Number of protein chains: 2
Amino acid sequence: MAGKENQIVEAGKKQPKKKRSRIQTENRALILDAALQVFSTDGYRGATLDRIAEKAGMSKTNLLYYFPSKEDVYRTALEQIVVNWLDPFRDIDGDGDPIEQLRRYITLKLKASHENPEASRLFANEIQRGAPLIKDFLETTLKKLVDEKAKVIHRWIDDGKLAPVDPYHLIFLIWATTQHYADFDVQVNALLGNQASKPGFYEQSAQAVLSIILNGIRPR
Amino acid sequence: MAGKENQIVEAGKKQPKKKRSRIQTENRALILDAALQVFSTDGYRGATLDRIAEKAGMSKTNLLYYFPSKEDVYRTALEQIVVNWLDPFRDIDGDGDPIEQLRRYITLKLKASHENPEASRLFANEIQRGAPLIKDFLETTLKKLVDEKAKVIHRWIDDGKLAPVDPYHLIFLIWATTQHYADFDVQVNALLGNQASKPGFYEQSAQAVLSIILNGIRPR
DNA sequence: ATAAAACTTGACTACTTGGTCAAATTTGAA
DNA sequence: TTCAAATTTGACCAAGTAGTCAAGTTTTAT
């Protein structure tokens with residue numbers, strides 16, 4: 001872990017991107033998928049290459065043929081997640097209608113958490129253990145992006161299109177809530193009983209969350 | 001792990017409570033405090049008794065003199081947390097003013113997350129790994145309590161004292177947001193820069209969160 | 001068809017981990 | 001003070017753990 005270059009997200013722009021064979025593409029995908037499951041429940045330290053390899057349907061030795069180390073598997077999985085994370089956030093359009101823009105963003109984020117809860121949990125885990133691999137990313141790339149969107153929200157407030165709330169805390173509240181349905185889904189399920197597994201449940205949750213947040217920030 | 005009785009929270013009522021010597025009381029406290037730190041960052045599987053013992057300032061062998069196993073240390077730490085968790089929630093008074101009651105609860109919860117983030121993270125970790133030790137507690141004790149409070153909120157809505165929001169999702173939103181400041185504090189700090197370490201920061205966060213949530217549910 | 005390159009694996013190593021045990025050392029009640 | 005009970009620890013063990021290596025097997029370009 002020590003000394004390695006932290007190249008999450010920022011990298012992958014100039015890299016020559018060595019072409020991968022069919023088998024490589026397939027197996028790397030299998031591994032990353034298995035890794036997502038194991039890392040997201042057991043955390044970085046608790047996860048083992050044996051379990052990941054088993055879940056991926058291959059020997060540990062073979063896994064290590066595709067990735068040089070445990071940390072590299074983890075880093076790669078994490079990077080994929082973070083990239084997907086950012087897109088909908090970037091898409092918040094300062095020129096659009098605030099309520100509509102935020103509704104769209106919250107809906108997308110809820111959907112992502114719902115469809116890929118493991119990714120959400122893995123990210124949460126990384127932050128909870130002190131973000132050793134992505135602290136730098138948080139302080140540079142993500143901070144820049146958040147500052148930008150905070151400014152957008154501030155402008156909406158100045159234009160009277162939004163209630164005067166602190167943009168940063170509004171963003172945190174949205175992130176917190178949407179992640180909750182992924183990270184705490186065991187608790188959500190336990191507390192809602194069978195209700196949570198019914199077909200329309202996800203839409204209903206989204207509706208409830210949107211209703212509270214959007215009314216909380218509607219101009220008044 | 002397998003086969004052991006799950007006695008989180010529900011227990012501790014009839015147990016004879018063997019009296020503890022001064023040294024026992026002190027050392028158990030030292031261990032549990034160290035355990036909280038290690039478990040909350042490394043998770044159950046990732047935590048090691050060696051690290052916990054070291055942080056507690058004693059040998060691993062000695063630690064195992066006070067607790068029979070790693071799981072027992074973990075279970076005890078978790079139990080303490082959950083008990084403290086529940087009190088403010090229980091205290092929500094159906095006969096009080098809704099906004100006032102919820103303001104009080106949210107404030108208390110934010111304060112708890114702020115003062116004891118490790119506890120919050122440890123709990124989050126337990127849920128994220130599938131709640132193996134407290135699933136039963138979630139489905140029985142906690143569910144009963146939540147159902148109760150949901151009814152209270154529903155009554156408030158029927159009386160027109162609160163906007164018509166789904167009580168369960170409102171509770172989730174409150175939990176999610178308050179936990180966020182503990183579980184994601186590395187991210188919060190990274191994104192807010194020095195601002196987050198300033199003295200009044202916590203009060204300011206509380207104000208922002210309260211403002212959004214309470215306005216989101218005020219009758220309209 | 002064939003051989004080089006790509007892929008796969010079992011055996012192995014050095015190290016960590018939860019837990020045991022017996023032998024000290026310390027504590028505290030009489 | 002005194003000695004049994006309580007506390008503490010180093011040595012140890014069996015079961016993992018990440019990662020290496022050399023020897024195979026399969027793919028693929030020709």
Side-chain angles (χ1 to χ4, degrees), chain A residues 1-4 16-39 41-78 125 129 132-133, chain B residues 1-4 16-39 41-78 125 129 132-133:
Chain A
M1 190 120 70
K4 290 246 178 154
K17 266 207 175 179
K18 47 199 86 159
K19 47 203 160 189
R20 301 216 162 93
S21 74
R22 175 186 57 88
I23 298 182
Q24 267 185 37
T25 312
E26 283 175 13
N27 281 352
R28 282 178 63 98
L30 280 177
I31 292 167
L32 287 175
D33 190 63
L36 192 58
Q37 294 178 52
V38 178
F39 281 128
T41 56
D42 292 341
Y44 177 72
R45 295 210 52 193
T48 73
L49 291 183
D50 283 293
R51 270 173 59 88
I52 296 174
E54 191 196 49
K55 265 213 158 72
M58 69 184 71
S59 67
K60 180 178 64 173
T61 319
N62 203 21
L63 184 156
L64 284 166
Y65 172 73
Y66 290 101
F67 292 89
S69 69
K70 178 183 181 180
E71 188 185 314
D72 199 76
V73 180
Y74 179 77
R75 188 192 298 278
T76 308
L78 188 57
N125 229 293
R129 71 189 187 114
L133 293 191
Chain B
M1 190 120 72
K4 289 245 176 151
K17 266 207 177 181
K18 45 200 88 159
K19 46 202 159 191
R20 302 216 162 94
S21 74
R22 175 186 57 89
I23 297 182
Q24 266 184 37
T25 313
E26 284 176 13
N27 280 352
R28 282 179 63 98
L30 280 175
I31 293 167
L32 287 175
D33 190 63
L36 192 58
Q37 294 179 52
V38 178
F39 281 129
T41 55
D42 293 341
Y44 177 73
R45 294 210 54 193
T48 74
L49 290 183
D50 284 292
R51 269 173 60 88
I52 295 174
E54 190 197 48
K55 263 212 161 70
M58 70 184 71
S59 67
K60 179 178 65 172
T61 320
N62 203 22
L63 184 157
L64 284 165
Y65 171 73
Y66 291 100
F67 292 88
S69 69
K70 178 183 183 180
E71 188 185 314
D72 199 76
V73 180
Y74 180 76
R75 187 191 297 278
T76 308
L78 187 58
N125 229 294
R129 70 188 189 115
L133 293 191

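The structure displayed is predicted, hence computed values, not measured ones. Here is the naming used below: chain letters follow the sequence lines, and residue numbers restart at 1 for every chain.
Nucleic acid contact class of B:F67 (heavy atoms, under 4.0 Å, all strands): none. Using a 4.0 Å heavy-atom cutoff across all strands shown, B:R22 reaches sugar-phosphate atoms only and no base atom.
Judged by the 6.0 Å and 45° rule, B:K70 forms no cation-pi pair with B:F39.
The footprint of chain B on DNA chain C, defined by a heavy-atom cutoff below 4.0 Å, extends from C:dT17 to C:dG28.
A:R51 pairs by the salt bridge (Lys or Arg N to Asp or Glu O under 4.0 Å) definition with A:D42, not counting sequence neighbours. Residues satisfying the side chain to side chain donor-acceptor pair (under 3.5 Å) test with B:E26, not counting sequence neighbours, are B:R22.
Nearest heavy atoms, B:G43 versus B:N125: CA-OD1, 3.6 Å. Nearest heavy atoms, B:L78 versus B:L133: CD2-CB, 4.3 Å. For the pair A:L63 and A:M58, the tightest heavy-atom approach, listed with the atom from each and the gap, is N-SD, 3.9 Å.
Here the P atom of nucleotide D:dG10 and the CD atom of B:E54 are 13 Å apart, to the nearest Å. A straight line from CG of A:N62 to C1' of D:dT26 spans 12 Å, rounded to a whole angstrom.
For B:Q37, the CD atom counts as densely surrounded, since its 6.0 Å shell holds more than 12 non-hydrogen atoms of other residues, nucleotides or ligands.
At a non-hydrogen distance threshold of 4.0 Å, B:N27 from residues 26-39 of chain B come into contact with DNA chain D.
Between B:I31 and B:T76 the shortest side-chain heavy-atom distance does not fall below 4.5 Å. Residues B:R45 and A:T48 meet the side-chain proximity criterion, which asks for heavy atoms closer than 4.5 Å.
For residues 55-67 of chain A, the pairs satisfying side chain to side chain donor-acceptor pair (under 3.5 Å) are A:N27-A:Y66, with sequence neighbours left out.
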Listed pairs, N/O of protein and of nucleotides 18-20 of chain D, under 3.5 Å:
| from | atom 1 | to | atom 2 | distance (Å) |
| --- | --- | --- | --- | --- |
| D:dA18 | OP1 | A:A47 | O | 3.4 |
| D:dA18 | OP1 | A:L49 | N | 3.2 |
| D:dA18 | OP1 | A:K70 | NZ | 3.4 |
| D:dA18 | OP2 | A:L49 | N | 3.0 |
| D:dA18 | N7 | A:K60 | NZ | 2.8 |
| D:dG19 | OP2 | A:K70 | N | 2.7 |
| D:dG19 | N7 | A:K60 | NZ | 3.3 |
| D:dG19 | O6 | A:K60 | NZ | 3.3 |

